[in-house]
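One structure below.
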Amino acid sequence: MPVYSMTGYACLHFSYTEPVDAEKVTPETPPACELTLELRGVNSRFLDVAFKLPEELRALETSLRETVQRTLKRGKVELRAHLHQPRTPANRLAQAEPGVMQQLANLQDRILTWLPQAQPLTVADVLRLSHTPPSELLPQNEAFDKWVLHCMQQTLEQFQAARRTEGEQLAASLRSNTSALRELCQHIQPLLPQLVEQQRQRFLERWQAALQQTATATSDHAPDLHERAQERALSEATAYALRIDVGEELVRLQAHLDAVDALLEKGGEMGKRLDFLMQELHREANTLGSKSGSLQTTQLAMDMKILIEQMREQVQNIE
């Protein structure tokens, strides 16, 4: 399955023509209405869908919401819908409304009978009064409702395509970061025996310097003191090795990185699981930094945390 981002955008325009007698349809016949659907999505912990619909589509809000919920799982999504009536008043009068003009003329005659001082209708008045409100011109039938839902599905498909494109980019970036983290783990592993050996040599040098200062006073016991110094140095080095041992942390880091790669390979809904894995990776990197025995390991641990923080920001946008 693909990886989807929660960020996306889609905007499509549709035209609806009412089913009429084929003999009456001409190339100049305008559509009954035009519909524009616009979808915007950003990241969110849960699925949050908001609608901004014209009054003519309010009855379809429940069906539109169900259509969105069947496709999307997470994200803050906003749907904007706009209905347009492409016919102008002039087109309506010229095509099919002589009856309206006759009614206006009859009404004017009646009014002038009772109010002789009233002004007669102008052309602008006729155009304005014969203009039918858009809500009355829009088709109100089951075919129109199915058409709106079909348009919604097409818009969702384009929206998902945009989210998939960004999701693939995020997945590629995450895979690159997991590879970089594995390389850092490989750099840290061989440093540990070197650090332990350096610390053991440091203890031995310290004890040998102390023995040399007291050698003249305790020359008879010098061999015993030297042996005890070596034992003490080995004991201190062992304690130091246990203190800086990060073998378990490295194993857990590798396991978490394997889990991230497996989720990216599987695809689908994974954002919450990835977010949890980022927390675990950050915890292990912090432990590596606190157990650091040299400037080099400290720098490597810092590089790890920078990469993990970058991954955490990217994961926030994955569904």
Approximate separation, where rounding is to 0.5 Å, of Glu269 CD and Leu72 CG: 11.0 Å
Point-to-point distance, once rounded to the nearest 0.5 Å, from CG of Leu174 to CG of Leu277: 11.0 Å
Lys272 atom NZ, over 12 foreign heavy atoms within 6.0 Å: yes
Any donor-acceptor N or O pair under 3.5 Å, side chains Tyr9, Glu38: yes
pair Phe14-Thr36: side-chain heavy atoms closer than 4.5 Å: no
Non-hydrogen side-chain atoms of Met6 and Ile318 separated by less than 4.5 Å: no
Lys/Arg N to Asp/Glu carboxylate O, Asp261 vs Arg182, below 4.0 Å: yes
ILVMFWY cluster, Tyr4 and Leu47 together (side-chain gap under 4.5 Å): no
Distance-only polar pair, side chains of Gln254 and Asp258, donor-acceptor under 3.5 Å: no
Validation row: Gln316, Asp275 side chains within 4.5 angstrom (heavy atoms): yes
Hydrophobic cluster membership, Phe159 vs Leu53, 4.5 Å side-chain cutoff: yes
Check against side-chain contact (heavy atoms from CB on, under 4.5 Å), Leu156 and Arg70: CA-CA 10 Å; Leu156 267 175; Arg70 283 195 299 267; over 6 Å; no
With Ser173, the side chain to side chain donor-acceptor pair (under 3.5 Å) member among Gln310, Glu168, Gln314: Gln314
Same cluster (ILVMFWY, side-chain, under 4.5 Å), Met278 and Leu257: yes
Nearest heavy atoms of Gly267 and Val3, plus distance in Å: CA-CG2, 4.2 Å
Spatial distance of atom OG (Ser63) from atom CG (Asp145) [nearest 0.5 Å]: 8.0 Å
Interatomic spacing from CG in Leu149 to CE in Met152 - rounded to 0.5 Å: 9.5 Å
Minimum heavy-atom distance Leu83-Pro54, with the two atoms named: CD1-CG, 4.2 Å
Within 6.0 Å of CZ in Arg110, more than 12 heavy atoms from elsewhere: no
Arg252/Glu284 salt bridge by N-O under 4.0 Å criterion: yes
Rounded distance (nearest 0.5 Å) linking atom CG of Leu184 with atom CG of Leu300: 6.0 Å
Sub-4.5 Å side-chain heavy-atom contact between Leu57 and Phe51: no
Asn286 versus Lys305, side-chain donor and acceptor atoms under 3.5 Å: yes
Cys11 vs His13 side-chain heavy atoms within contact, under 4.5 Å: yes
Test log, rule salt bridge (charged side-chain N to carboxylate O under 4.0 Å, His left out), inputs Arg58 and Glu56: CA-CA 6 Å; Arg58 287 293 181 186; Glu56 296 81 9; over 6 Å; no
Test: Glu166 and Arg164 ion pair at under 4.0 Å: no
Any side-chain heavy-atom pair of Arg40 and Leu79 under 4.5 Å: no
Exceeds 12 heavy-atom contacts within 6.0 angstrom, atom CZ of Arg45: no
same_hphob_cluster(Leu307, Leu274) at 4.5 Å side-chain heavy-atom cutoff: yes
Check: Leu64 and Val49 side chains under 4.5 Å, non-hydrogen atoms: no
Glu319/Arg163 salt bridge by N-O under 4.0 Å criterion: yes
Point-to-point distance, once rounded to the nearest 0.5 Å, from OG1 of Thr71 to CD of Glu66: 12.0 Å
Short side-chain to backbone donor-acceptor contact, Thr155 and Cys151, under 3.5 Å: yes
Taking every non-hydrogen atom, the tightest pair across Ala285 and Met304: CB-CB, 4.3 Å
Criterion side-chain contact (heavy atoms from CB on, under 4.5 Å) on Lys146 and His150, from CA distance to verdict: CA-CA 6 Å; Lys146 290 182 178 180; His150 177 70; over 6 Å; no
Residues, nucleotides or ligands: over 12 heavy atoms within 6.0 Å of His82 NE2: yes
Heavy-atom closest contact (Gln158 atom, Ala10 atom, distance): OE1-CB, 3.4 Å
Exceeds 12 heavy-atom contacts within 6.0 angstrom, atom CD of Glu265: no
Test item: Glu157 and Gln153 side chains (from C-beta on) under 4.5 Å apart, heavy atoms: yes
Asp109 versus Thr113, closest heavy-atom pair with distance: O-OG1, 2.8 Å
same_hphob_cluster(Trp147, Leu12) at 4.5 Å side-chain heavy-atom cutoff: yes
Heavy atoms from other residues, nucleotides or ligands near CZ of Arg175 exceed 12 (cutoff 6.0 Å): yes
Nearest heavy atoms of Val315 and Gly271, plus distance in Å: CG1-O, 3.7 Å
